[in-house]
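Structure, as structure tokens:
Computed from a prediction, not measured in an experiment: that's the story for all the values here.
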Amino acid sequence: MPVPLPQAEPQWRPATQFANHQLGSRDRAWLLDDGSLTGRLIASHAGQFRVRRLRQEWVTPHPSERRLLAMPLRQRALVREVVLTIDDEPLVFARSLFPVSSLVGELRHLRQLRNRALGAILFRFPQMHRSPFELATIPGDNHYLPEFLRQREAAWGRRSCFDISGRRLMVSEVFLEPFRPWSAVLPVHRSQRGKVSAAILRPKQ
């Protein structure tokens with residue numbers, strides 16, 4: 001009998017569903033930090049930060065991604081997968097989804113990101129809001145990760161939606177074994193942008 005492949009889509013749950021014994025206060029502080037991850041990595045790790053694009057193409061989203069983005073059943077999205085590195089050491093795998101309906105107007109240029117950091121762009125929009133995080137513990141051999149990033153230990157993942165003037169996109173981030181969390185919440189350099197907003201409600205399942 002063939003051995004089933006590891007599940008490709010993590011089991012995402014709202015952060016509020018994780019008890020303290022599953023997610024301690026120290027991990028909760030950095031996992032739920034809603035500042036720019038790009039900025040956090042640059043501030044807390046010595047070395048050269050770089051974004052390496054692995055994949056960009058039009059796809060059918062995973063079912064939970066489609067529900068999170070409130071996308072019509074047959075609508076496709078542009079997926080962009082990257083790895084964030086310091087001195088070429090992979091620290092974070094990131095997967096972003098852009099519904100075709102969101103890639104218009106001032107967001108049209110997101111089709112041409114190449115190796116630029118998405119977060120560095122999103123956090124410039126004063127009208128940007130971010131939804132509450134969903135979290136998952138992801139087995140190291142899960143097919144959600146590219147093969148060369150798979151590892152022995154499970155990894156924490158998180159995802160959220162960004163809303164800019166009614167146009168949504170989703171970003172998920174998986175923290176790999178070489179990643180070291182910052183020891184405290186770093187200062188937020190602006191008052192409103194990126195603030196977790198309960199106004200961005202998750203679509204009903």
Side-chain angles (χ1 to χ4, degrees), residues 2-18 22-23 27-28 30-34 36-38 40-41 50-71 73-86 88-100 102 110 113-119 122 130-162 168-181 202-203 205:
V3 177
L5 291 173
Q7 185 171 338
E9 186 176 13
Q11 296 299 294
W12 301 101
R13 291 188 288 149
T16 53
Q17 292 186 7
F18 285 81
Q22 297 171 304
L23 179 62
D27 286 334
R28 194 177 294 270
W30 64 266
L31 267 174
L32 303 186
D33 179 359
D34 67 324
S36 167
L37 178 60
T38 298
R40 300 307 194 219
L41 292 176
R50 190 164 74 94
V51 178
R52 177 183 169 194
R53 190 177 70 173
L54 306 176
R55 175 189 180 207
Q56 183 167 312
E57 60 184 313
W58 292 96
V59 300
T60 300
H62 293 307
S64 76
E65 295 173 337
R66 177 176 53 80
R67 290 192 295 269
L68 190 68
L69 287 164
M71 291 178 59
L73 183 60
R74 292 178 177 81
Q75 189 180 104
R76 291 165 71 82
L78 184 66
V79 66
R80 179 176 182 256
E81 295 181 347
V82 304
V83 59
L84 309 182
T85 70
I86 296 287
D88 293 325
E89 181 175 47
L91 301 182
V92 179
F93 167 72
R95 173 182 168 92
S96 305
L97 276 176
F98 309 88
V100 64
S102 295
L110 295 182
L113 280 174
R114 301 185 186 276
N115 290 320
R116 288 188 295 162
L118 175 61
L122 294 179
R130 190 176 193 174
S131 72
F133 286 109
E134 293 185 338
L135 306 179
T137 51
I138 301 172
D141 63 350
N142 192 289
H143 282 215
Y144 194 77
L145 291 169
E147 187 173 2
F148 81 101
L149 292 178
R150 292 173 198 163
Q151 56 190 38
R152 290 186 178 182
E153 299 296 325
W156 275 112
R158 69 180 191 180
R159 72 177 183 180
S160 61
C161 281
F162 291 82
R168 283 187 167 200
L169 58 98
M170 187 212 78
V171 177
S172 66
E173 297 149 340
V174 181
F175 298 89
L176 305 171
E177 284 181 348
F179 169 79
R180 295 294 176 265
R202 297 188 309 113
Q205 304 294 313

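Looking at every heavy atom in both residues, Arg130 comes nearest to Asp34 through NH1-O, 3.3 Å. Taking both residues in full, the closest heavy atoms of Leu31 and Phe175 are given as CD2-CE1, 3.8 Å, listed atom of the first, atom of the second, then distance. Of all the heavy atoms in Gln151 and Glu153, the pair that sits closest is NE2-O, 3.0 Å. Summarising the geometry of Trp58 relative to Val100, their closest heavy-atom pair is CZ3-CB, 3.8 Å, with the distance given to 0.1 Å.
When the salt bridge (charged side-chain N to carboxylate O under 4.0 Å, His left out) test is applied to Glu147, no partner is found at least two apart in sequence or on another chain. Partners of Arg95 by salt bridge (charged side-chain N to carboxylate O under 4.0 Å, His left out), not counting sequence neighbours, listed by chain and number: Glu65, Glu81.
Across Trp30, Phe18, Phe179, a single residue satisfies ring pair (Phe, Tyr, Trp, His ring centres under 6.0 Å) together with Trp156, and that is Phe18. Of the residues listed (Ser102, Pro61, Pro99), the one engaging Leu69 in a side chain to side chain contact (heavy atoms under 4.5 Å, CB included) is Pro99, and it is the only one.
Remark: Arg13 CZ is packed, more than 12 non-hydrogen atoms of other residues, nucleotides or ligands lying under 6.0 Å away.
Side-chain contact between Arg152 and Glu177: present, with at least one pair of heavy atoms (C-beta onward) separated by less than 4.5 Å. Looking at heavy atoms from C-beta onward, Leu54 lies in side-chain contact with Phe148 at the 4.5 angstrom threshold. Within the 4.5 Å cutoff, the side chain of Leu176 has no heavy atoms near those of the Leu91 side chain. Taking 4.5 Å as the limit, every side-chain heavy atom of Arg76 sits out of range of all side-chain heavy atoms of Met71. Side chains of Pro63 and Glu9 form a contact here, defined as non-hydrogen atoms less than 4.5 Å apart.
Atom OH of Tyr144 is separated from atom CZ of Arg150 by 13.0 Å, given to the nearest 0.5 angstrom. From Arg66, atom CZ reaches atom CG of Leu97 across 12.5 Å, with rounding to the nearest 0.5 Å. Note that the CZ atom of Arg114 and the CZ atom of Arg80 stand 11.0 Å from one another [nearest 0.5 Å]. From Leu169, atom CG reaches atom CG of Leu110 across 7.0 Å, with rounding to the nearest 0.5 Å. The OG atom of Ser160 lies 8.5 Å from the CE atom of Met170; values are rounded to the nearest 0.5 Å. A distance of 12.5 Å separates CG of Leu149 from CG of Asn142, quoted to the nearest 0.5 Å.
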| task | For the pair Val51 and Leu84, evaluate side-chain contact (heavy atoms from CB on, under 4.5 Å) and give the outcome as yes or no after the intermediate values. | result | CA-CA 5 Å; Val51 178; Leu84 309 182; 3.8 Å; yes

| query | Passes side-chain contact (heavy atoms from CB on, under 4.5 Å), Ile138 versus Phe93? Steps please. | reply | CA-CA 12 Å; Ile138 301 172; Phe93 167 72; over 6 Å; no

| message | Run Leu68 and Glu134 through side-chain contact (heavy atoms from CB on, under 4.5 Å) and show every step you take. | response | CA-CA 10 Å; Leu68 190 68; Glu134 293 185 338; 4.0 Å; yes

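One N or O on the side chain of Asn115 and one on the backbone of Arg53 form a donor-acceptor pair closer than 3.5 Å. The closest donor-acceptor contact from the side chain of Arg158 to the backbone of Ala15 lies at 3.5 Å or more, if one exists at all. Looking at Arg74, its side chain never comes within 3.5 Å of a backbone N or O of Thr60 through a donor-acceptor pair. Between the side chain of Arg28 and the main chain of Leu23, a donor-acceptor pair closer than 3.5 Å is present. Without hydrogens or angle criteria, Arg159 side chain to Trp12 main chain gives no donor-acceptor distance under 3.5 Å.
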